[in-house]
Structures are given as structure tokens and as C-alpha cells.
Amino acid sequence: MRSRVPWPRVLGWRQFATAVCQASEVLELAIACIVSAAAWVYLVSARGGFWLTSQRLPGTAAGRNAGREPGTWPAVAAVVPARNEAQSLPQTLPALLGQDYPGEFRVFLVDDNSEDGTGQVAAELGEKSARDGGAPLTVVSGQPRPDGWAGKVWAMAQGFAASATAKTAYEGTTAKYVLFTDADISWERHALRDLVRGAEADDRAMVSQMALLRAQSWWERAIVPAFVYFFAQLYPFRTVNDPRRATAAAAGGCMLIRRAALAEAGGLEQIRGALIDDVALGTLLKRTGHRIWLGLTTDIRSARPYPTLASLWQMIARSAYVQLRYSPLILAGTILGLLLLYVAPPAGLIAALIAAAAGDGGPATVAAGLAGWAGWALMTASYLPMLRLYRLSALRAPTLPLIAALYAAMTADSARRHYSGSAVSWRGRAAGPT
């Protein structure tokens, strides 16, 4: 009669199976860390220098006298879409109207059916600026949005049309450039001069600058620099500025566009349903053969506050799933990519340190630790220039994995909002082009 297997032997097999599973998990973590470290080597060395903050206009604070002065300063018309911006305008509109620009400059503010007296506030500020010698202001009353148009793009189109009917004083023609900006953007007096100088000197159909976002509250300091960092990783500015590359983007708070180039590209109607209008506009211009430029600045700032996590979450979740083209497959790949790139390296290093402290570190554990350290070090180093731009402590750089995990959650929530029908696009409008 066959004897039964003794309990110690059974326990040994169970321990063996557990050890195999644990070894498999460590091996998977090591592989993830190695892949992540290799990806970071590529990103830092070959992704258009996305992590650098050196793409600046000649003649700005980075080198004020480097740009060539145009022989004749062309006329510029600024278009400001505004919806429920009565609180922002007193902080921002006077600076725009008071630009120190040698050429003709006019501002067209589109009051997009505001409920807080935005149009009246703008008109009063315009009258005061005119008495002080500022640029003329025209307040355009927004019309109902047609089917197929996104809210902000429709407001932009109305301002663009109004500017087209206004003739310049000295030539009797429309302004050569149109400046699309937002109601919450604050301008240094010389900023428009620098934009036009950059466009004229380098023959760019579009010159766009990423406004310095507000980073005053605890949550703003934690999340805002990473927002710009991730944007630059997705659209490396140096690659956007290379006419030989297809990558295109822009920053909606500051887009100086040559009117003729926009007309040649088919006008704003070509992007009428775009919820991310700036990237769509940059893509339209570059796809039709025009040269564009995108860079960073400290001379143009966003005054809009995002003091709480909830407000920042809303700002990011509003457009994250739109950027992924409403694709569940791309959504899954993006979240997995964020976890692999940002979360796996510190997880590998921490796991290796714990194993070493317990005296239980095999080759896979060592590999996970070394690769995790390399990946974490590279991402930390790549985040430092952005923190310097925002004048924040370098000690924040190692926390980038935590912020990336938070962004992954915001991206997933953006998809949830879309499918639940609770998504919001521009200033309280329901998302969607209709």
C-alpha cells in the first residue's frame, strides 16, 4: 500500500511554488525597469531635447537685442475669446491694450454669451485705455454657436471676421497678423513687439509662446510644471519648430498668425470642431506647408488660478481624452506607458533596497535596482530645467513619478467623463462640437 506524502514535503513544494512566483514577479519588474531605463535614455538624448527650456524668441528676456527690427512694423489685430471673464479682465486686458508696439494695433474681444457682464467690463476698460493712449478695443457680441463648431473656435472665428472688416489707417488693408490670446493672459509691454520681430525675422506663419502658468498654491506648484513638461514631451518644441518634421503644436494663450497663411490653409472653419484648438491650428498651418514656431516665455503669464486639486483635475481631465482621440486603445496604452516610464523605476529601486536589507537579493533584484535607479535618475534630471523655469526647488524633481501617477488617474477620469456624458470643454460649455 502506497504511503501518503509527508506534510513537510507538501509544505516544501508550496514554498517552492511561492518562491517561483516571487522570482517571476521580480524578473518581470526587472524587465520593466530595464525597458523604462532604455526609454529614458532615448527620451533624454533623442526626443528633440523636450526637457530643455531653451526654445525662446530672440529679443526676449533671454537675449533682448538679438532680433532684427522690421523696416516697417506690420499692423496686428488681437482676438480675445471671452466667456464669463469679468473677474479676469481687469487684471489682464489693460496690459494687452497698453502694448508698447510701434505699428498699428487693435483688439477685438468676443463676448461669448457671458452671464457676468464680461462685455460691459471690457468696454469700460477699453474706454479707460483709450483715454490713456492705449490700443482701440472693439467688443463683439457673440452669436449663437452653429452646429459643428466648438465653442472657443466659434468665438475666435467671430473675432477674426470682425478684424477682417477693420481697415488699417495707413494702408486701408486688413492687419497682416492676427494675435489669438485668452482673457486670462497677462502681457509684458514689449511682448507683442518681440512676437512680431520673431515672425518677421524668421518668416514664420505662426509664432506661439507657452504662457507661464500660475504656480502659487501648493497644488499648482506640484502639478503645473509637470503639465508643461508632459506637453513638451508629447510635442517637443524643437521638433515642432523644424519645418522638416511633421510634429506640430501651439499654445492657445499666445498665437500670432499671418492672416494670409491662415486663409491659404482654409481658415478656422478647417478646425471648427476642435476642442484642442491650439494644437489643431498649429497642425493645420504646418500640414499646409507653413513654418511655425513654439517656445517658452516668462513675459506672458496666465493669471487664472487653480488653487485646489479639484480645479487642476478639471483643467486636465477636460481635454486629456480628447487628445487621445477618444480611443480606448490609446487610453490603455497611455496609462500603461505612464506607469512603465514613471512608476516602474522607483518601484524597482525600492524593491531592490528592501530585498538587500533582508539579505535576499538575487540577480533579477539587482538588475531591477540598477535599472530603476538609472531610470529614476534620468527622469529626475530631465525635470530640473522646468522646475528652474518656475523657480521651484530642485528637491521636487524626484517626486515626478507620483505626479505622473496622478496624471494617469486624471486621464482615466477624462475618459470616464466622456462616456458618462459629463465632459466640459470651454468655460462651462458642454463638450462636443455641436
Under a 4.0 Å threshold between the charged nitrogen and the carboxylate oxygen, would Arg258 count as salt-bridged to Asp203? yes
Going by distance alone, is a donor N or O of one side chain under 3.5 Å from an acceptor N or O of the other, for Asp299 and Trp187? no
Parallel, tilted or perpendicular, as decided by the 30° and 60° cut-offs, for the rings of Tyr101 and Phe105: perpendicular
Run through Val107, Asp182, Asp111 and flag the one making a side-chain contact (heavy atoms from CB on, under 4.5 Å) with Val80. Val107
All heavy atoms of Asp116 vs all of Thr118, minimum pair found to be OD1-OG1, 2.7 Å
side-chain contact (heavy atoms from CB on, under 4.5 Å) partner of Arg304, the single match among Met315, Glu85, Arg214: Glu85
Do Tyr407 and Tyr342 have ring centres separated by under 6.0 Å? no
Please name the pair of heavy atoms, one in Leu392 and one in Pro225, separated by the smallest distance, quoted to 0.1 Å. CD1-CG, 3.6 Å
Counting the benzene-type ring for Trp, do Phe231 and Phe227 have ring centres under 6.0 Å apart? no
Residues passing the side-chain hydrogen bond (donor to acceptor under 3.5 Å, both in side chains) test with Trp219, sequence neighbours excluded, are none
Aromatic ring centroids of Tyr321 and Tyr326 under 6.0 Å? yes
Using the rule side-chain contact (heavy atoms from CB on, under 4.5 Å), only one of Asp277, Val110, Leu275 pairs with Lys152; which is it? Asp277
In short, Ser114 meets Asn84 closest at the heavy-atom pair OG-N, 2.8 Å
What are the two closest heavy atoms between Ser382 and Trp40, and how far apart are they? OG-CZ3, 3.8 Å
Among Gln158, Arg106, Arg259, exactly one meets side chain to side chain donor-acceptor pair (under 3.5 Å) together with Ser163. Which residue is that? Arg259
